[in-house]
Amino acid sequence: MRQDGPASELTSEYFANIYFSMTVWWHGQLIHGIELGPGESRIFSGHKAAPYSDTIAEAMRLYQNRNRVQWTAPPLDWSLITSPFQRQVLQTLFKNIPFGRTTSYGQLAGLSGNSRSARAVGWAMSQNPWPIIIPCHRVLTSKGTIGGFSSGTELKKILLSLEGFFIAQ
DNA sequence: TCTATGACGGTTG
DNA sequence: GCAACCGCCATAG
């Protein structure tokens, strides 16, 4: 008898614009994870693996045109987040820091309940399964420097520039 | 439980 | 401006 875990039921879908690409891992109609990569010479719009695929494809076009992107009710698989703290931080970031705004690790810690948890917020960001949708690229250091990014700080700078920011260094 | 580890932040020299 | 420290917090093992 096979014992299929969630991992065996995952399917992937690829999207890209000229600035960055994203591979979306679906668990049914829920987003299990997102991997970011370099841009492509042409747009890839996925293959409609789920109802929300169209929304993602549209967001890729909006980003390429430097237009505002606002994710509405993304079907994220929150069961993946077992830590209450991490869930609080990710949800706070999603709700409070919209396109075109940035915050710091310390500020996000404060919004999430404890202003001294900046370092733990950094850890939560590093574990974010859904970059771009949960906008961890909008979290900078208190000094305004870039901070870190799982897919590389260059990509973080690109995303910020598409939202109207220019980070020196 | 204890220890090590970080996408941090503030202070100090 | 910067590098060295030190304090803090939430996890992982």
Side-chain angles (χ1 to χ4, degrees), chain A residues 3 5-8 10 12-27 30-40 56 59-60 62-64 66 68-71 74-169:
Chain A
Q3 300 198 345
S8 65
L10 297 182
S12 69
E13 185 173 21
Y14 184 75
F15 301 84
N17 60 30
I18 64 173
Y19 297 109
F20 65 95
S21 58
M22 52 192 294
T23 300
V24 177
W25 291 92
W26 297 99
H27 181 203
L30 295 180
I31 302 177
H32 185 272
I34 294 174
E35 293 172 16
L36 301 181
E40 300 268 2
I56 298 173
M60 295 300 277
L62 290 171
Y63 261 118
Q64 172 152 329
R66 297 173 181 270
R68 184 182 186 84
V69 174
Q70 187 167 314
W71 301 99
L76 306 180
D77 185 0
W78 285 100
S79 71
L80 293 170
I81 311 298
T82 55
S83 153
F85 174 79
Q86 190 189 5
R87 180 177 304 226
Q88 176 66 41
V89 171
L90 293 176
Q91 292 182 341
T92 298
L93 175 59
F94 180 76
K95 282 193 267 184
N96 295 282
I97 312 299
F99 186 100
R101 260 198 70 191
T102 62
T103 187
S104 70
Y105 296 93
Q107 284 175 19
L108 180 53
L111 287 173
S112 303
N114 186 346
S115 60
R116 290 179 299 186
S117 305
R119 206 161 184 177
V121 164
W123 174 84
M125 295 298 94
S126 74
Q127 304 299 310
N128 176 17
W130 312 290
I132 297 198
I133 293 181
I134 302 289
C136 55
H137 58 285
R138 298 178 191 141
V139 186
L140 311 176
T141 70
S142 62
K143 301 172 188 171
T145 54
I146 193 72
F149 199 62
S150 299
S151 305
T153 53
E154 285 310 309
L155 192 44
K156 186 171 183 176
K157 291 181 193 174
I158 289 171
L159 292 174
L160 286 167
S161 74
L162 293 176
E163 299 192 12
F165 292 96
F166 173 72
I167 305 298
Q169 15 166 15

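What you see is a predicted model, and the numbers here were worked out from it, not measured in a lab. Atoms considered below: every heavy atom in the structure, side chains included; atoms not considered: hydrogens, waters and symmetry mates.
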> Heavy atoms, side chains only, cut-off 4.5 Å: are A:Arg68 and A:Pro98 in contact?
Replying inline: yes
> What's the CG-P distance between A:Asn114 and B:dG9, to the nearest Å?
Replying inline: 13 Å
>> Between P on C:dC9 and CD on A:Gln88, what's the gap in Å once rounded to a whole number?
In response: 17 Å
> Is there a donor in the side chain of A:Glu35 and an acceptor in the side chain of A:Trp25, or the other way round, less than 3.5 Å apart?
Replying inline: yes
>> Measure CZ/A:Arg116 against C1'/C:dC6 and give the value in whole Å, please.
In response: 15 Å
>> Does B:dA7 have its OP1 or OP2 closer than 4.0 Å to a side-chain nitrogen or oxygen of A:Ser150?
In response: no
>> Please pick, from B:dC8, C:dA10, B:dA7, the nucleotide with the shortest atom-to-atom distance to any side-chain atom of A:Ala120.
In response: C:dA10
> Hey, does the side chain of A:Arg119 come within less than 4.0 Å of B:dG6's phosphate (OP1/OP2), counting only N and O?
Replying inline: no
>> Quick check on B:dG9: is either OP1 or OP2 less than 4.0 Å from any side-chain nitrogen or oxygen of A:Ser142?
In response: yes
> Starting at OH of A:Tyr105 and ending at C1' of C:dC9, how long is that distance when rounded to a whole Å?
Replying inline: 15 Å
> Which part of the nucleic acid, if any, lies within reach of A:Phe85 when heavy atoms closer than 4.0 Å are counted: base, sugar-phosphate only, or nothing?
Replying inline: sugar-phosphate
> Quick one: does A:Phe94's side chain get under 4.5 Å of A:Trp130's, heavy atoms only?
Replying inline: no
> How many Å lie between CG on A:Asn128 and C1' on B:dA7, as a whole number?
Replying inline: 11 Å
>> What is the distance, to the nearest angstrom, from the CZ atom on A:Phe149 to the C1' atom on B:dC8?
In response: 17 Å
>> Nearest whole Å is fine: how far is B:dA7 C1' from A:Trp123 CH2?
In response: 12 Å
> Can you check the A:Gln127 CD to C:dA12 P distance for me, whole Å?
Replying inline: 7 Å
> Which of parallel (below 30°), tilted (30 to 60°) and perpendicular (above 60°) describes A:Phe149 and A:His137?
Replying inline: perpendicular
